[in-house]
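Note that the coordinates shown come from a computational prediction; the quantities given were computed from them, not determined experimentally. This chain uses plain numbering: 1 for the first residue, then up along the sequence.
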Amino acid sequence: MTTRDRLLQELATLPDTALPQVLDFIQTLNIHLEAEEDQRDRAGAIAALQGIEREGTIAWENLVAGL
């Protein structure tokens, strides 16, 4: 049984009154995960800009690969 299956099984056992709390937790978790991804994206962009400053240019492949 996968983790997703186990979560769905546990979710099915909860009373409806608890579901808003579960939803709030999931939404909060998604916000944090998106913020972490944004930080990684910013770090990659900063690294690319630093490479451009150092070398005067940057290869497209390096830019796409995120350095």
Side-chain angles (χ1 to χ4, degrees):
M1 180 179 288
T2 68
T3 301
R4 183 179 302 272
D5 292 336
R6 290 177 52 210
L7 283 168
L8 291 172
Q9 187 177 32
E10 290 294 327
L11 187 60
T13 67
L14 290 175
D16 287 347
T17 56
L19 296 181
Q21 290 175 291
V22 173
L23 181 59
D24 184 52
F25 173 77
I26 292 170
Q27 290 172 332
T28 301
L29 180 59
N30 277 330
I31 288 169
H32 288 288
L33 292 173
E34 288 173 3
E36 289 174 1
E37 184 178 352
D38 288 347
Q39 285 180 319
R40 286 190 301 272
D41 290 346
R42 275 193 296 279
I46 289 170
L49 288 173
Q50 290 170 341
I52 291 169
E53 288 175 356
R54 240 185 353 264
E55 299 173 24
T57 188
I58 188 168
W60 176 252
E61 293 81 17
N62 291 344
L63 182 61
V64 172
L67 294 176

**Student:** With sequence neighbours left out, which residue pairs that include part of residues 5-23 fulfil the side chain to side chain donor-acceptor pair (under 3.5 Å) condition?
**Tutor:**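 Every pair satisfying side chain to side chain donor-acceptor pair (under 3.5 Å) with a residue in residues 5-23: Thr2-Asp5.
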
**Student:** Taking side-chain contact (heavy atoms from CB on, under 4.5 Å) as the definition, give me every residue that meets it alongside Thr28, ordered by chain and number, with sequence neighbours left out.
**Tutor:**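 Thr28: side-chain contact (heavy atoms from CB on, under 4.5 Å) contacts with Asp24, His32.
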
**Student:** Which residues satisfy the side-chain contact (heavy atoms from CB on, under 4.5 Å) test with Asn30, sequence neighbours excluded?
**Tutor:**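 Per chain and number, Asn30 pairs via side-chain contact (heavy atoms from CB on, under 4.5 Å) with Ile26, Leu33.
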
**Student:** Who are the side-chain contact (heavy atoms from CB on, under 4.5 Å) partners of Ile31, not counting sequence neighbours?
**Tutor:**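 Once residues adjacent in sequence are excluded, Ile31 has no partner under the side-chain contact (heavy atoms from CB on, under 4.5 Å) criterion.
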
**Student:** So, using side-chain contact (heavy atoms from CB on, under 4.5 Å) as the criterion, who are the partners of Arg40 when residues are at least two apart?
**Tutor:**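 If we apply the side-chain contact (heavy atoms from CB on, under 4.5 Å) test to Arg40, skipping adjacent residues, the hits are Glu36, Glu37.
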
**Student:** Starting at CD1 of Ile46, measure out to CD of Gln39 and round the result to the nearest 0.5 Å.
**Tutor:**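 Taking CD1 in Ile46 and CD in Gln39, the distance rounds to 10.5 Å.
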
